[in-house]
Every structure is written in C-alpha cells, then in structure tokens.
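Input: a single structure, listed below in structure tokens.
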Amino acid sequence: MKKVLAVLLALVMVLTVFAACSKKPEKKTENESKPLVVGYSNFSSKFSPFFAETAYDQDVASMTAVSLLTTDRQGAVVELGKTGETRPYNGTDYRYEGPADVKITENKDGTVAYDFELRDNIKFSDGEALTVDDVIFSMYVLSDPTYDGSSTFFALPIKGMEEYRAGMDSRGNVINAAGPDGYEDNDLYTKEQYDAYWDYYNNKAGAAFAQEIVDYCIGNGYNAADDSVAACAANWGFELAEDATVEDFWKAIVDAYEGDIDTAVATESAGSDLNGLTIAALGAEYQAGVKTGDSADSISGIEKTGDNSLRVTLTQVDATAIYQLGVTIAPLHYYGDAAKYDYEKNQFGFVKGDLATVREKTTEPMGAGPYKFQKFENGVVYFEANENYYLGAPKTTNVQFKEMSDTDKLNGVITGSIDITDPTYSLDNAKAIAEANSNGEVTGDKITTNTVNNLGYGYLGISAKSVNVGGDLGSDASKNLRKAFATVFANFRAVTVDSYYGETASVINYPISDTSWAAPQKTDSDYAIAFSKDVEGNDIYTSDMDDAARKDAALKAALGYFEAAGYTVADGKVTAAPDGAAMEYEVWIPADGSGDHPSFMMLNLASDALKEIGITLTVKDLANSSDLWTGIEADQVPMWCAAWGATPDPDMYQVYYSGVESGKDPGGSNYMYDIADAELDKLIMDARASFDQAYRKTIYKQCLDIIVDWAVEVPVYQRQNAVIFSTERVNIDTVTPDITTYYGWMAEIQNLELN
C-alpha cells in the first residue's frame, strides 16, 4: 500500500564466538582500505534505532547496533544468545550467539515473566561497556508518552505500562485536541504556543503534507529522472501544471475530496497527518510532554534484577511479544544523559516526556554493532569497522551504502560501481544476470545470485460485504457465490505467474507466506490445492488435462457453485441472479493503467471464461494505486488484486479477526474482507495465547481452512527476492551461508571479505 511507509524494525542477527581484537596494523593493506560498496534505495537520514521510518534507514542503524535478542534462519528467536546454541538448517548445524539469554515463565496468576541475562563483555564502538542500564533506558524511550516513532513496544501488555503512559501527552497533541477555537488559560501551553500551532497547521502543514508525498515518490524511484512536484503528483493520481508547487498539490488533494480535509489526509497520506507534521516542524517544545493527570513514575513490569539482568512481566500470554521485546540496545551515555539515570530513583536517562536528547542523534547512530557510522554525504553512507565488536572485528574495514534507483542496481554490479545490491528479481533482470555470466546462469563468473522467498505474498481479495447473497455474508449461498469466482480465478494462476515471473515465483495455495513456519507444506497429509473441489467435494481436475480441459472443468464447477448460491442455471449458462447478488461484478487491479501486474493475465482469462457461462466480470486497471485503497475503504470494490506483507510470527489478528467472538473491535484490515466468524476469532485468540509452536501451527491450519471456506481470498503467488554479489570483487566463500528470508547477507557481515 503506497499510503503506508513499510518499516522493518529488524533484529540485528549475529553468529560465531567472540574473538579478541588484535592490534591494528600501522599500515592498512589494499583489501582493508578498499570499501565494500552496497547499492541501496534512497535514505531519509533518520538513522535512529528509535525513529527510523524506512527499512533502508533502519539498515543503517542496524549496522551500528545490536539487539537484545537475535533470530535464526527460520525467524525463530534464539533464547540462549549469551550461552550460545546450535540449531539445524538445511542439513547443516549452525551455532547462534547474541547479547542475552531469555527465560520465559508462565505464572499461575496468568502473567508471563521474561528474564534476560546479558553478556558482560560487550562494548559500544566508543569503548564504553554495554550494561543492563542501556537496555532499560532503551525500553523507557520506546515507552515514553511522547514517543512517536514506529515501534509499538509501548502497546505490549507490560505490567504498569498503561499507568506509566497515562496522565501525559505531547504539548502538540494537547493543543490539537483543544481544537482551533478551544483556547482557554491553562498551564499546559501559552496563547503564543497555541496560536503558533494553529497558524502552521492551517497555513503550512498542507504544503508539508504534499512535500512528504513528493519526497516519498522521489525516495522510492517512482519518477525516474523527473523529481518535479507535477511528476510526483501524477504518480499519486493528480494532474498538475508543469510548474506546480507543493501548495498547488495540496489544493488539488483537498479539492478532490470536496474540502473534506480529514478524509483527504487519511486517504492520501505518505505517512504523516497534519498534526504530526505540525509538531515535527515546530520542534522540541511541541514534542515535549505535559502533565494532564496522574501518572506512575515507573513501569512496574520492567525490573532490574542484577548487574546484567532484568525481568519484563506481561499481564497475559502474547506469543508475538518476544519479537518486540528484542529491542535495539542504544547507549544511554550517547542518546540520553547518564547524569539523569538512577534506577532506584525512577530516573531513566532523560526527563519523562522530553526525548530531545534522543532526537538530536537521529542522523548519527552509534551502538555496539559491527560498524561505526562516519557520515552521510552526497547520497553515500560511510562506515568504518568497529574493532570493539563483541563477535570479532569485521574483516572488511570500510563499507559504503550508496543510493541509486532500482533500474541502476544491476548495471552497477556489472560495471563495478557497486559490489552488492538487491534489484527487483524480474524475468528481465534474471535474463540480464544470466547474460552477464559466461555460463549463461544467474550465478557465474561475474555475478552470484542469492534468492529467498519474499516475506509476503500476492493474492486476490473478495469482499464478503460486496459479494454475497441476500446480505448474509457468511451463509452457504454467499460462500458458494464467492467460491464460483475463486474457482475460475484459481485455475489461471499457474499460467499467469509463470508468464510474469517465470522461475522467480510460484503458486501458493493458502493465504499465508511460504516463509512462515505455520505455512502448510505439500508433504502434509491434509494439504489441498486451493479451490480445486466442486460443490460436492469432488476433485475438479485430473492429471492428464490440458489447459483447455482445465478451463472447461473449472467453468463446470463454477456453474455448480453458482447454482448452489441460488442462481438460475440452464444449458450450461447462468441466466438469473438471486436477490442480493448480481450477474455483473468488477475486479480492481493497480496495474498502472497498462496491465503491468503479476495477476493481470489471470483476471482477463477469468473474465473471458466467465463470459462463456453468462457472467460479466469487468477488469478495472488503475493508473493510481491509491484509488484501490480509497475504494476499498468506501466499500466500492467487490474484488481486487494486491499483496500482503508478513512478519516472522504468523499472528492473524490484524487481518482476519472480526470481534464477533468476544465483542472486541475488529482487527485493522478485516474491513477489507468483512469476515465475521466466531470460530475463526476464537482460534486466532487461542493461538495468540500459547507459546507451543506445534500447537499454534495446528490451530493456524484450522484458521486457514476457515478463511478458504469463506472464499474471501485467493492465494496467488509467492515471489522471490534476490541479492546479487560481484563474483569478481566479493569473496563469495565469506558471505553468510544459507541466507534466508529472516537471515540476510548482513547477518554475518563481520566475516565478509573482498577479493
């Protein structure tokens, strides 16, 4: 979704045993001096473990930092980081080490204790020792009532968290809540502060909102060489004059929503709202916290239990919490103020509600990671090896992250301007890589290619609210109607995916990324091909069918589903729809108005096939992808194509939870599908309340079967991502072995050498 800036707050993943640092030679060898150059997408200069907004900025911060916990090649948390533990992967045993051990205890009162024991031999890059106080400081920054970064650590059910965050908010938020005509004398803000806030909000924040969209388009390479406001606006779906300003862009956005600024901002945002932009622009005094009520002085669930240990207590079982508890350990003496830290006196390195000292270091990260940040200049981030790195000083002294467009990445490796990068792994790029190598393969004498499954998958969505019979979203008739369409779509997945991706993607059969440990495997006894059964439960296809026979079989099965849904079927055609259903439906796809989308062929083939049995399916190719999300939010989209991002934990609450089982608010994205299934709700919550992975996998399989039965999502493809290395310049034998979705090439960057 273009509206949402994807932020990957990844754990820094480390391996091998700690090695003592040798004395630095007086003269560097040629290999030590030669930099490793990595091609990157554009940075936003927010290289902070607390405030990074993009995955690229976070990678910069992660080069300089370590996290409390690490993960293995399958995305599972390493619980014995300090002690070290060996786990098998792909036939090889790998030893994992990290900053801490963690022990999880479920208490009789329903609370859960996470006990962390840290190493005592880790130093930050400036030589200062890393201690448990640095961990506590980092947790309190993420818990502060005025914290406005992307981490949701504060949302964990940590004992005492709500009490600590209560009774305080940022001055800017308080002024915003008062409204533009709500000033009254108070101790929270002055009349001058109030007027300055609303002056910026009303007269400048709109232009800043438009500027953020422009920056986002340029930063993601959407406009090639044209970085004008007009070009960016066109990419966002707005036609402006060539000399348009951001003020013109903002006016066009507001006009498009007939003056409804709230809806315009919610729909078109590239990450921020007007309040957030105003607070950010006006700075520290508006970011500072003001007391609005009673508030606890500390978080009772975060306890220092020893010189190198702490305990975090959650009020309930939350299987996903472990990933957020693995916070990046930021140095208190650098990001905070050591003089303001006294654990016994509830002082945690800064004044509660004032993160100014933390924000000041946003562009210059520092930590205990393998590299030291030097500078960001002319589109290049410069690093130098951290000889204090607890797993051993990196073999390559200098590293550079160099900004470039995606179209330049592959050529950069071929020409020698960069050594490593991650181009889009399309059919064309795979062909170009093979042509660059003398052996005609994607790995050869010029380029070495490493591919992993993307942490996410492509799908076709069907809205239960828009595609049903008689308004009963979960009835058998409504499910059968959606299954009729899903059956036809599913038949054309293989030819479509092969045409667009070739060997760089594969068809999937469950609405979950194949990267997940919870994903059903083809070897499972109950594994099923999506939508390959007819209404009677019989197999639709046989192994000897060609494409034409498969299409005929799919249409025959679809007719059975239409009839079961209450449609009138005669002589192999649908002739009438039941009340609340239709003979014509639309499917939306953001294919740039030119058919450029992995699922575009599938839709057109399905449309042609359905026409043969009397059903009209109109394919709506959108030039502006934001129109899709606007339409979905307005319940105007019956069916659509998109892709989900995933996380290491397969928790399904955000996408599929409806709230009917418990009366709670629905999950954040379920409005797209409108599933309302009490059994599914219960299973999702049961899985969340257990640490037993085998049990959770069984529960999630039941969830997936229910989702498939609702026929609101047709799984389409699992694509691959690629990292390419210059075989000539990088010593491939020193690259992280067995790279996975969760364990990238940077996981063991300290071992990487150049030729």
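Using modelled atom types, no side-chain atom of Asn411 and backbone atom of Thr407 make a donor-acceptor pair closer than 3.5 Å. Counting only distance, with no hydrogens or angles, the side chain of Thr443 and the backbone of Thr449 share a donor-acceptor pair below 3.5 Å. At distances below 3.5 Å, at least one donor-acceptor pair connects side-chain atoms of Thr698 with backbone N or O atoms of Ala694. Checked by atom type and distance alone, the side chain of Thr727 pairs as donor or acceptor with a backbone atom of Thr448 at under 3.5 Å. Asp408 places no side-chain N or O within donor-acceptor distance of the main-chain N or O of Gly412, the cut-off being under 3.5 Å. The closest donor-acceptor contact from the side chain of Ser513 to the backbone of Thr515 lies under 3.5 Å. In this structure, the side chain of Asp621 engages the main chain of Gly595 through a donor-acceptor pair within 3.5 Å. Within the 3.5 Å criterion, the main-chain N or O of Val723 finds no donor-acceptor partner in the side chain of Asp422. The backbone N or O of Phe492 lies less than 3.5 Å from no partner atom in the side chain of Arg550, so there is not a single donor-acceptor pair. A donor-acceptor contact shorter than 3.5 Å links the side chain of Asp546 to the backbone of Ala548.
Classification of Arg696 and Asp649 as a salt-bridged pair holds, one side-chain N sitting under 4.0 Å from a carboxylate O.
Looking at every heavy atom in both residues, Tyr742 comes nearest to Pro648 through CE2-CA, 3.6 Å. Closest non-hydrogen pair, Glu85 versus Glu79, comes out as OE2-N, 3.1 Å. For the residue pair Met601 and Val495, the shortest heavy atom distance occurs at SD-O, 4.1 Å. When all heavy atoms of Ile675 and Asn670 are compared, the closest pair comes out as O-ND2, 2.9 Å. Between Ile447 and Ile414, the shortest heavy-atom contact is CD1-CG1, 3.8 Å. Closest heavy-atom contact between Glu536 and Asp534: N-OD1, 2.9 Å.
Between Tyr323 and Leu69, every side-chain heavy-atom pair lies at or beyond the 4.5 Å cut-off. In this structure the side chain of Asp93 never reaches within 4.5 angstrom of the side chain of Arg87, judged on heavy atoms. Two residues are said to be in side-chain contact when any heavy atoms from C-beta on lie closer than 4.5 Å; Tyr457 and Pro511 meet this criterion. With contacts defined as side-chain heavy-atom distances shorter than 4.5 Å, the pair Glu563/Leu559 does not qualify. Leu603 places a side-chain heavy atom less than 4.5 Å from the side chain of Leu460. In this structure, the side chains of Ser599 and Ile589 come closer than 4.5 Å at one or more pairs of heavy atoms. Taking 4.5 Å as the limit, every side-chain heavy atom of Gln720 sits out of range of all side-chain heavy atoms of Asn454. Looking only at side-chain heavy atoms (C-beta outward), Glu633 and Tyr671 come within less than 4.5 Å of each other.
How far SG of Cys641 is from CG of Leu628: 9.0 Å, rounded to the nearest 0.5 Å. With values rounded to the nearest 0.5 angstrom, Gln654 atom CD is found 11.0 Å from Ile684 atom CD1. Atoms CD1 and CE, from Ile462 and Met639 in turn, are 5.5 Å apart once rounded to the nearest 0.5 Å. One distance of note links CG of Leu610 with CZ of Phe562; it measures 6.0 Å at 0.5 Å rounding. Distance check, rounded to the nearest 0.5 Å: CD1 of Ile433 to CG of Asp428 gives 11.0 Å. For the atom pair CD1 (Ile529) and CD1 (Ile508), the distance works out to 12.0 Å, reported to the nearest 0.5 Å.
The aromatic rings of Tyr96 and Tyr743 lie perpendicular to each other, with more than 60° between the two planes, well past the 30° mark.
Geometrically, Arg719 does not engage Tyr501 in a cation-pi contact defined by less than 6.0 Å to the ring centre and at most 45° from the axis.
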Next item on the list: Run the numbers on Thr496 and Tyr717 for side chain to side chain contact (heavy atoms under 4.5 Å, CB included), then give the verdict.
Entry: CA-CA 10 Å; Thr496 299; Tyr717 62 88; over 6 Å; no

Next item on the list: Would you sort out whether Asp406 and Thr424 count as a side chain to side chain donor-acceptor pair (under 3.5 Å), showing the intermediate values?
Entry: CA-CA 7 Å; Asp406 188 74; Thr424 299; 3.0 Å; yes

Next item on the list: Could you check Thr320 against Asp318 for side chain to side chain donor-acceptor pair (under 3.5 Å), going step by step and ending with a plain yes or no?
Entry: CA-CA 5 Å; Thr320 69; Asp318 185 339; 2.7 Å; yes

Item checked: Residues Ser478, Ser475; criterion side chain to side chain donor-acceptor pair (under 3.5 Å); working and verdict -> CA-CA 5 Å; Ser478 293; Ser475 69; 3.1 Å; yes

Check: Does the side chain to side chain contact (heavy atoms under 4.5 Å, CB included) test come out yes or no for Leu704 and Met652, once each step is laid out?
Finding: CA-CA 10 Å; Leu704 294 170; Met652 297 180 178; 3.6 Å; yes

Next item on the list: Check the pair Asp547 / Lys551 against salt bridge (Lys or Arg N to Asp or Glu O under 4.0 Å), numbers first and verdict last.
Entry: CA-CA 6 Å; Asp547 289 345; Lys551 185 195 76 171; over 6 Å; no

Next item on the list: Evaluate the criterion side chain to side chain donor-acceptor pair (under 3.5 Å) for residue pair Tyr673 and Glu713; output intermediate values, then yes/no.
Entry: CA-CA 8 Å; Tyr673 296 129; Glu713 186 174 334; 2.7 Å; yes

Next item on the list: Start with the C-alpha gap between Met583 and Tyr567, add the side-chain angles, then the distance that decides, and say whether side chain to side chain contact (heavy atoms under 4.5 Å, CB included) holds.
Entry: CA-CA 9 Å; Met583 297 289 288; Tyr567 280 73; 4.1 Å; yes

Margin query: Run the side chain to side chain contact (heavy atoms under 4.5 Å, CB included) test on Tyr585 and Leu481 for me, step by step, so that the C-alpha distance in whole Å, both residues' side-chain angles and the decisive distance to 0.1 Å come before the verdict.
Written below: CA-CA 12 Å; Tyr585 286 94; Leu481 170 56; 3.7 Å; yes

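Atom CG of Asp524 has more than 12 heavy atoms from other residues, nucleotides or ligands within 6.0 Å. Crowding of Asp544 atom CG: a count of heavy atoms from other residues, nucleotides or ligands under 6.0 Å exceeding 12. Annotation: Gln636, atom CD; neighbour count of heavy atoms from other residues, nucleotides and ligands within 6.0 Å is above 12. Within 6.0 Å of atom CG in Asp579, 12 or fewer heavy atoms from other residues, nucleotides or ligands are found, so the atom counts as exposed in its surroundings. Taking a 6.0 Å sphere around NZ of Lys697, one finds it holds more than 12 heavy atoms contributed by other residues, nucleotides or ligands.
No side-chain N or O of Tyr656 forms a donor-acceptor pair with one of Asp677 less than 3.5 Å apart. No side-chain donor from either of Asp514 and Asn453 sits under 3.5 Å from a side-chain acceptor of the other. Residues Asp72 and Tyr89 have side chains that never bring a donor and an acceptor to within less than 3.5 angstrom of each other.
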I'd like a table of donor-acceptor pairs (distance under 3.5 Å, sequence neighbours excluded) in which one partner is a side-chain atom from residues 482-489, with atom names and distances.
| residue | atom | partner | partner atom | Å |
| --- | --- | --- | --- | --- |
| Arg482 | NE | Trp710 | O | 2.8 |
| Arg482 | NH1 | Val467 | O | 2.9 |
| Arg482 | NH1 | Leu473 | O | 3.2 |
| Arg482 | NH2 | Leu473 | O | 2.9 |
| Arg482 | NH2 | Trp710 | O | 3.2 |
| Lys483 | NZ | Asp709 | OD1 | 2.8 |
| Thr487 | OG1 | Lys483 | O | 2.7 |

